[in-house]
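To start, the structure itself, in structure tokens.
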There are 2 protein chains.
Amino acid sequence: MSALTRDANPPLTKSVEDYLKVIYHLSSQGGFATTSDIAGMLEVAPPSVSGMVKRLSDTGLIEHVPYRGVQLTAQGRREALRMIRRHRILELFLTQQLGYDWDGVHAEAERLEHAVSDGLIERMANALGQPQYDPHGDPIPTAAGEIEETELMPLADAPVGAKLELRQVGTQDAARLRYLADQGLTPGVLLVVSDRQPFNGPTTIALAPSGDPRIVGRDLAQLLWCREVPVEDRGRPAT
Amino acid sequence: MSALTRDANPPLTKSVEDYLKVIYHLSSQGGFATTSDIAGMLEVAPPSVSGMVKRLSDTGLIEHVPYRGVQLTAQGRREALRMIRRHRILELFLTQQLGYDWDGVHAEAERLEHAVSDGLIERMANALGQPQYDPHGDPIPTAAGEIEETELMPLADAPVGAKLELRQVGTQDAARLRYLADQGLTPGVLLVVSDRQPFNGPTTIALAPSGDPRIVGRDLAQLLWCREVPVEDRGRPAT
DNA sequence: TCAGTTTATTAGTGTAAGCTAACACGTCTT
DNA sequence: AAGACGTGTTAGCTTACACTAATAAACTGA
């Protein structure tokens, strides 16, 4: 050992932060994040993931079951949520204070989230009034590491006639986001599923209360996460 | 060679950006930046500098005369000024839009300057009204890479009776900056040198037109860069 | 001018993180 | 139950950038 005592809590590197974030996303609906899924999301080769997995489980951020996958430990989850908070606050700040479009913020936030201090994030959060959702409708974890768990369903799964509020848009793809914004499909809008044709085909929806109908392909409808409109909200203008 | 053609213009790394910045500062008043000065400013060991100097001159960003020092090439100077623009715009944005004190912005800007895109910097610059000076009074290079060269003298060198405008504060030390702000010694204030005692001793100045006298030690006075007040500005309120 | 000091460079090592090629494990199918 | 295939892991290499120890060049003072 070259140094007498190896640094007990070295600061997380940019790479580590990225790995924790994608492992969080991949393992959020249950189970394990697999090596190849991680590799796919980070656009690195699978052996690179194996190497990092070794380091992350050595430092206690993840739990690794060989040939099965990884899960975050409590500490890993804390760090992941911290990064997600940073990312989402940054996205909101860039759109609200600096005129970014919701399809352009992702890349910028992706780089900034590794460089900002916690203090700066909290200043931004204050300037934005301690917001709960980012521009895509995703919930922003609190500084304490709590995140809202909502029961949402993809528009693709909603029955004809359902009245829904669009809550989250599950993509960061700029072209798709631009298209959705054009169609008025942004978090908060009220929707009525008016038709679905032929079998498992495109979904026709109407913007409620009085908007024009839209036709959305099945793949897109899979990305539009909605909740049923609570009775007391029906027909009220957005506050 | 593993790749057929090695990437002709790889993006600058954070380290490279830092080296270019300090070489710019060290060589701005004439000559060469020496290995040990660079090492001192970056807080790395001299051999690390030798290694980096090799790489930087291989890629044409600096000119190296062994055992003498280095200078920026035109391209290196462009990159250095780009980083300085980023840094100073960030400092101004953080102080003006997010309530940072002028003694706290430096560290934050230091990390952010490597992560922001040029587009974000220009948005910030617009939000700030295309400013010319950062919170410490240092000129902000233009996006095209021009920087204002001003003739300033340290307060320490000013004769008794001189009427001066404080233009720049040549330190990033938080404690000193806090002290100066307390004393009302920020860029733009008008000063009159009222005394200097005994020989080469502390400088007594008065805040013009009617302020209280301040006593400033010689070391501090060395950091307060002033210009003589042009006649047409005398006594006019700051615009 | 020459020895001694200061400063710069070279040599060799370490760590983080990527890669390709080769090998191992699990699962799925017949 | 046995291959065959896909996915995961190991081995070994590369680049960027730091470090220490050893060496070389340049300066300086008697």
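A note on names: the letters A, B, ... follow the listed sequences, proteins ahead of strands, and every chain is numbered from 1.
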The nucleotide from dG8(D), dA18(D), dT20(C) with an atom nearest the side chain of S15(B) is dA18(D)
Rounded to whole Å, NE2 of H64(A) lies from C1' of dT7(D) at a distance of 12 Å
Next on the checklist: What's S36(A) touching, base or sugar-phosphate or nothing? Going by heavy atoms closer than 4.0 Å.
Outcome noted: sugar-phosphate
In whole angstroms, the gap separating C1' of dT14(D) from CZ of R55(B) amounts to 13 Å
Q. Between the side chain of T150(A) and the main-chain N/O of L152(A), is any donor-acceptor distance below 3.5 Å?
A. no
task = Establish, for the pair R123(A) and F93(A), whether the NZ or CZ atom is under 6.0 angstrom from the six-membered ring centre and no further than 45 degrees off its axis.
result = no
Separation of dC19(D) atom C1' from E43(B) atom CD, nearest Å, is 15 Å
Checking dT9(D), dA17(C), dT9(C) against the side chain of P47(A) (C-beta onward), the nearest is dT9(D)
The nucleotide from dA8(C), dT9(D), dC17(D) with an atom nearest the side chain of T35(A) is dT9(D)
Between CD1 of I38(B) and C1' of dT7(C) the distance, given in whole Å, is 13 Å
Whole-Å distance, Y19(B) OH to dC17(D) C1', equals 8 Å
Atom CE of M52(A) and atom P of dA16(C) are separated, to the nearest Å, by 9 Å
Atom CG of L56(B) and atom P of dC17(D) are separated, to the nearest Å, by 9 Å
*Do H106(A) and H136(A) have a side chain donor and acceptor closer than 3.5 Å?*
no
Rounded to whole Å, the CG-C1' distance (L42(B) to dA18(D)) equals 12 Å
Checking dT10(C), dA18(D), dA16(D) against the side chain of S50(B) (C-beta onward), the nearest is dT10(C)
**Prompt:** Do side-chain atoms of R167(B) reach the backbone of P187(B) as a donor and acceptor pair under 3.5 angstrom?
**Reply:** no
Whichever of K14(A) and Y67(A) has the more 5' nearest nucleotide on DNA chain C, that residue is K14(A)
Closest to the 5' end of DNA chain C, once V53(B) and S48(A) are matched to their nearest nucleotides, is V53(B)
* Can you tell me if T73(A) uses its side chain to pair, donor with acceptor, with the backbone of G60(A) under 3.5 Å? -> yes
